[in-house]
Q: 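My questions will all concern the structure given below.
Here is the naming used below: chain letters follow the sequence lines, and residue numbers restart at 1 for every chain.
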Amino acid sequence: MKERYEFTEVEKKWQKVWEEQGVFKTEEDPSKEKFYCLEMFPYPSGKLHMGHVRNYSIGDVVARFKKMDGYNVLHPMGFDSFGLPAENAAIEHGIHPSKWTWENIHDMEEQLRELGLSYDWDRECCTCSEEYYRWMQWIFIQFYKRGLAYKKENPVNWCPSCQTVLANEQVVDGACERCHTPVVKKNLSQWYLKITDYADRLLENIDNGALDGWPEKVRLMQKNWIGRSYGCEVDFKVKDSDEVLTVFTTRVDTIYGTTFMVLAPEYPTVLENVKGTEYEQPVLDYIDRVNHMNEIERTSTTAEKTGVFIGKYAINPFTHKEMPIFISDYVLMGYGTGAVMGVPAHDQRDFEFATKFGLEITPVVDPGDPEVDVNDLKQACAASGTMINSGEITGMNSNDAIPYMIEKAEREGLGHRKVNYKLRDWLISRQRYWGTPIPMIYCETCGWVPEKEENLPVLLPTDVKFTGKGESPIATSPTFRKCTCPKCGGPAEREVDTMDTFLDSSWYFLRYCDPRNAEKPFEKEKVDYWMQVDQYIGGVEHAILHLMYSRFFTMVLHDMGMVGVEEPFANLLTQGMVNKDGRKMSKSIGNVVTPREIIDKYGADTARLFILFAAPPEKELDWSDAGVEGSFRFLTRVYRLIYELKSRGLKDGEVVVKTAEDRALNYKLNFAIKKVREDVGGRFMFNTAISSIMELVNEIYKYKDQKEINEPLLRKAARELIVILSPFVPHIAEEMWEHVGGEGLCCLQSWPAFDEKSLVLDEIEIVVQINGKVRDKLVVPKDISKQELEQAALGSEKIREFTEGKEIFKVITVPGKLVNLVVK
RNA sequence: GCCGGAGUGGCGGAAUUGGCAGACGCACGGGACUUAAAAUCCCGCGAUCCUUACCGAUCGUACCGGUUCGACCCCGGUCUCCGGCACCA
């Protein structure tokens, strides 16, 4: 140990030792309790940013602490390495996506190693490797065999700039989440996964406690995304026709207020209904207009309602009244039945439509609100209330009318109860090269047939052109497409689209449990030993997509008998962003601080310490150069302390706490040990854990310069200080540990036990309040009786001054804390 | 529009079950050491007032009100900021 803290040297030295001794290699060990600590794996962009540092520092503290606390810890890392940027690099710079990606992976691994993260690198998984995507294809085929994958022509979200299809989840504000180009609808034949089959289970587990270790916020977001609503489907006959229009409504109670019907422009029978009539041309014009709108225009809630009458009338099954049928783009084909009943008095959208087209507005619910005149509505009234103008249900409360009407509809064969979801099936086809090829083959005779499992992987061809336009690049391969049908042996063609990369990341946490298995995706026993992930850590931006897809995959694999658990992540921590000057770090603002410059200037330990100390993990963190300086200062302060103590040579021996100063030091030591355990192991408050260690350091500084020093106690305090500091700043801890003659590696020490007795002081401070205001503080023996405490409080001189000539009404005594006198 | 979350010194933040508001750190100010500076160490640091000083007093956790012996914490209302969803019938 040098006198000066040479962080670069120290960090290199210990990274090498850990590597050589293989201290983070992990094996299944049924005799030990396991702990699976997982951080979301990165996309290999090539450069680590502060968000990564935060994410992985948090995970590393938890993993290292759990290991020291006796758990068998699985802490793996890998790369989510398929995806668009690699392909863009190919288009822009002519580098093959594979080369670009693998070089980036190599660079990022190196940067991660420099942070001193306790990963078992033997378990590394890269989703773009053949050994990984082979099993991705295998899993896809199992989904297909179970009827959970299907191909269908549908209007899909199309990004005109990326020239590819997007999942609903990848459309943000009507635009492509990646390039922000407004998305348009396009009819394409695409592969889907039937996540809607699991909508109920995905939802049930949010409520039944299976996800109680998740932030409430994330559970709510998923719940809203699945969007279950209970309602009723009602059949409306079309006048002078055999056609029946089924609508979905959550408010059957308002059915007497229906004055018109609206169909989505894409509704399948619209064209045949207007064929050869005077309405045909206006309807065609309208549909054409809608088709040329992008998603932003189409879904704008502020735009005025538009639509056209199609010349037909529907008959309300309850009132037998005739009502005109319109098409309008405010009705979506993708939700419910694509047809709605228009109840303008009680639905704002219907109200706007009726106002625009001069349609009748019939109120059927009176909310009993003096400010609402139901016969002269300025806007729709969605509140519940008393039914009016509604035949036999008039006078009923609208909340009671809903179940009543559903039962009536079912009894009379007019409709039935129905549950609807906002959740759509997951569109997974991508017209892209750098992804897992969808292992399906089209045969004129047999239709779609999966590739034989023994032929997997279906390799990505290398003889393709990257233009960034049009069809999937794989289609340009002269060798890939043509093949023979695995079923009949006849000529056939391969699917040329690749999978959405979200599939790759939906099961990587399972592959980590058995990463080199060449026979199957993973051994069930191994997965069942390690799963669930005990702590998952990542950005909140994955609250819906990745986290729901992973839940879906795990459920399906569970149903296939491949995985014991059905929920993958027991506990979830979503870390906040790293900002600078209150704004997101970004190149265009020019406020980016790179991990590189911080590691060079202060070392990885300082970077880790600052990022953990500056804010609780869930909150946004504002980068502060002065704060980093402070963290560095703290580390050098600890380093100097240990250097000095070592140079003095403290006697070993039995620790006997004698003086008041001994007790104070011993208290702080035990308090810190306990506090760090609680804050790292349970509360995830790394900032307060670190502050308690800082207090301990301050206390040791105070203690060491006294005349009379209890050497065994000071020695113990110094050694345990190093140990509890090590999960946060592992390199400097190893260096100091070696210096104080610690046996073995610091990171392999057991977490020190704290002594509960030393946390109970013989004398405690009691607050004495008068009418809730602190007026005095008393130091009393810890086991003082209530009566004695009250006596002491009343006897205090200060208190007597305040109570002089006043009457004491009441005395509230909280043992160990305070006495409050109520005085008048 | 709907659903969440947050609001505490100059700043990041602490107060874990309703019981001393401001731990720890940053910034700042003062002092020691030094020829000097840096580094380091020590002291101070919410506001206002009183006092020569010590001692002390009043106010203070976005705002208004309530419950309670006692409220940053619980309840009702208001404002502001942030996040998610959004023509979902």
Q: Given atom CE of A:Met685 and atom P of B:C24, what is their separation to the nearest angstrom?
A: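 Taking CE of A:Met685 and P of B:C24, I get 16 Å after rounding.
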Q: Determine the Euclidean distance between corresponding P atoms of B:G18 and B:C75; express it in Å to zero decimal places.
A: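 Nearest-Å result for B:C75 against B:G18 at atom P: 11 Å.
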Q: Scan side-chain atoms only and decide if A:Asn316 and A:Tyr256 contain a donor-acceptor pair under the 3.5 Å cut-off.
A: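 No - no donor-acceptor pair under 3.5 Å links their side chains.
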Q: Could you state the CD-P distance from A:Gln706 to B:C42, rounded to the nearest angstrom?
A: 14 Å
Q: Find which nucleotide of RNA chain B each of A:Arg683 and A:Val814 is nearest to by heavy atoms, and output the residue with the more 5' nucleotide.
A: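 Whichever sits nearer the 5' end wins; that is A:Arg683.
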Q: Which part of the nucleic acid, if any, lies within contact of A:Gln769, taking any heavy atom under 4.0 Å across all strands shown: a base, the sugar-phosphate backbone alone, or nothing?
A: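 Base contact.
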Q: Between the side chains of A:Ser229 and A:Asn420, is a donor N or O closer than 3.5 angstrom to an acceptor N or O?
A: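 On atom types as modelled, these side chains do not qualify, holding no pair under 3.5 Å.
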Q: Since syn is defined as within 90° of 0, does B:G9 count as syn or as anti?
A: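 Judged by the O4'-C1' to base torsion, B:G9 sits in syn, the angle falling within 90° of 0.
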Q: For the C1' atoms, the ones on B:G66 and on B:A86, what distance do you get once it is rounded to whole angstrom?
A: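 36 Å, rounded to whole Å.
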Q: Are OP1 or OP2 of B:A89 and a side-chain N or O of A:Tyr335 less than 4.0 angstrom apart?
A: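 Checking A:Tyr335 against B:A89: at least one side-chain N or O falls below 4.0 Å of OP1 or OP2.
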Q: When you compare B:A32 with B:G22, how far apart are their C1' atoms, in angstrom units rounded to a whole number?
A: 29 Å
Q: Roughly how far, to the nearest 0.5 Å, is the CZ atom of A:Phe728 from the CZ atom of A:Phe65?
A: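 Separation between the atoms: 9.0 Å.
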Q: Run the side chain to side chain contact (heavy atoms under 4.5 Å, CB included) test on A:Arg228 and A:Asp200 for me, step by step, so that the C-alpha distance in whole Å, both residues' side-chain angles and the decisive distance to 0.1 Å come before the verdict.
A: CA-CA 8 Å; A:Arg228 178 162 65 187; A:Asp200 261 314; 2.3 Å; yes
Q: Give one of base, sugar-phosphate or nothing for A:Ser624, where a contact means two heavy atoms less than 4.0 Å apart.
A: nothing
Q: Stem finding on RNA chain B, please: runs of three or more consecutive Watson-Crick or G-U wobble pairs, both distances under 3.5 Å, sorted by first number.
A: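 Stem segments, range with range: B:1-7 with B:79-85, B:10-12 with B:24-26, B:28-32 with B:40-44, B:46-49 with B:56-59, B:62-66 with B:74-78.
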Q: Given B:G25, B:C87, B:U16, identify the nucleotide with an atom nearest to the side chain of A:Glu678.
A: B:U16
Q: Under 4.0 Å between a Lys/Arg side-chain N and an Asp/Glu carboxylate O for A:Asp207 and A:Lys223?
A: yes
Q: With a 3.5 Å cut-off and heavy atoms only, can you find an N or O donor on one side and an acceptor on the other between the side chain of A:Lys422 and the base of B:C85?
A: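 By the distance-only test, no, there is no pair.
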Q: Looking at A:Asn698, I'd like to know whether one of its side-chain N or O atoms comes within less than 4.0 Å of OP1 or OP2 on B:A23.
A: no
Q: For B:G76 versus B:U67, give the span between their P atoms, rounded off to a whole number of Å.
A: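 After rounding to an integer number of Å, I get 15 Å for this pair.
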Q: Apply the test side chain to side chain contact (heavy atoms under 4.5 Å, CB included) to residues A:Arg640 and A:Tyr701: give CA-CA distance (whole Å), side-chain angles for both, the deciding distance (0.1 Å), then the verdict.
A: CA-CA 10 Å; A:Arg640 277 198 317 273; A:Tyr701 259 91; 4.0 Å; yes
Q: B:A15, OP1 or OP2 - any side-chain N/O from A:Thr688 closer than 4.0 Å?
A: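 Negative; the distance criterion is not met.
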Q: Under a plain distance cut-off of 3.5 Å, with no hydrogens placed, do A:Glu233 and A:Thr246 share a side-chain donor-acceptor pair?
A: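 Distance-only check fails for A:Thr246 and A:Glu233.
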Q: Just how far, in rounded Å, is P of B:G83 from CE of A:Met221?
A: 12 Å
Q: Hey, can you pull the donor-acceptor pairs under 3.5 Å for the side chains in residues 611-623 of chain A, sequence neighbours left out?
A:
residue  : atom : partner  : partner atom : Å
A:Glu618 : OE1  : A:Thr574 : OG1          : 3.1
A:Glu620 : OE1  : A:Asn579 : ND2          : 3.0
A:Asp622 : OD1  : A:Asp581 : N            : 3.4
A:Asp622 : OD1  : A:Gly582 : N            : 2.7
A:Asp622 : OD2  : A:Asp581 : N            : 3.3
A:Trp623 : NE1  : A:Asp625 : OD1          : 3.2

Q: Please answer whether the main-chain N or O of A:Ile589 pairs with a side-chain N or O of A:Ser586 as donor and acceptor at a distance below 3.5 Å.
A: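 It does hold such a pair.
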Q: Strictly distance-based, threshold 3.5 Å: is any side-chain N or O of A:Asn670 a donor or acceptor partner for the main-chain N or O of A:Phe754?
A: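 Answer holds: no.
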Q: What interatomic distance, in whole Å, is found between P of B:C64 and the corresponding atom of B:U40?
A: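 44 Å, rounded to whole Å.
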Q: Consider the side chain of A:Lys305, meaning its heavy atoms from C-beta on, and name the nucleotide among B:A14, B:C87, B:C41 that approaches it most closely.
A: B:C87
Q: Provide the distance between the two P atoms, one in B:C41 and one in B:G60, to the nearest whole Å.
A: 38 Å
Q: Rounded to whole angstroms, how far apart are CG on A:Asp347 and C1' on B:A86?
A: 14 Å
Q: Using a strict heavy-atom distance below 4.0 Å, which residues from residues 626-639 of chain A are in contact with RNA chain B?
A: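 Listed by number, they are A:Ala626, A:Gly630, A:Arg633, A:Arg637.
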Q: Counting only side-chain nitrogens and oxygens, does A:Arg775 get under 4.0 Å of the OP1 or OP2 atom of B:A57?
A: yes
Q: Judged by each residue's nearest nucleotide on RNA chain B, which is more toward the 5′ side, A:Val822 or A:Met333?
A: A:Val822
Q: Quick one: A:Phe613 CZ to B:A14 P, roughly how many Å, whole number?
A: 10 Å
Q: I'd like the C1' distance from B:G31 over to B:C74, given in whole Å.
A: 47 Å
Q: Nearest whole angstrom, please: distance from the C1' of B:C69 to the CG of A:Leu818.
A: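 My rounded result for the distance is 10 Å.
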Q: Under 4.5 Å between any side-chain heavy atoms of A:Leu721 and A:Val638, yes or no?
A: yes
Q: Could you work out the separation of B:C49 and B:A37 based on their C1' atoms and round it to a whole Å?
A: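 Here B:C49 and B:A37 have their C1' atoms 41 Å from each other.
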Q: Tell me what A:Asp622 touches on the nucleic acid: a base, only sugar-phosphate, or nothing, going by heavy atoms under 4.0 Å.
A: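 Nothing, no nucleic acid heavy atom in range.
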Q: Side-chain N or O of A:Asn420 versus OP1/OP2 of B:A89: is the shortest distance under 4.0 Å?
A: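 It does not, given that no N or O in the side chain of A:Asn420 lies less than 4.0 Å from OP1 or OP2 of B:A89.
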Q: Taking the six-membered ring for Trp and the full ring for Phe, Tyr or His, determine whether the centres of A:Phe260 and A:Phe357 are under 6.0 Å apart.
A: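 When the ring centroids of A:Phe260 and A:Phe357 are compared, they turn out to be at least 6.0 Å apart.
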Q: For A:Val811, report the nucleic acid contact type (base, sugar-phosphate, nothing); a contact means any heavy atom under 4.0 Å.
A: nothing
Q: Regarding A:Gln787 and A:Gln791, is there a side-chain donor-to-acceptor distance under 3.5 Å anywhere?
A: no
Q: Please state whether the phosphate of B:G5, meaning OP1 or OP2, lies under 4.0 angstrom from any side-chain nitrogen or oxygen of A:Lys217.
A: no
Q: How many whole angstroms separate atom OH of A:Tyr703 from atom C1' of B:C41?
A: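 So the two atoms are 21 Å apart, to the nearest Å.
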Q: Output the rounded distance in Å from CZ (A:Phe671) to P (B:C24).
A: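 Interatomic distance, CZ of A:Phe671 to P of B:C24: 11 Å.
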Q: Looking at B:A23, B:A89, B:G12, which one has an atom nearest to any side-chain atom of A:Val340?
A: B:A89
Q: Which part of the nucleic acid, if any, lies within contact of A:Lys223, taking any heavy atom under 4.0 Å across all strands shown: a base, the sugar-phosphate backbone alone, or nothing?
A: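 Here A:Lys223 touches no strand at all.
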Q: Mind checking if A:Val767 touches a base, just sugar-phosphate, or nothing, with heavy atoms under 4.0 Å?
A: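 Base contact - A:Val767 has a heavy atom under 4.0 Å of at least one base atom.
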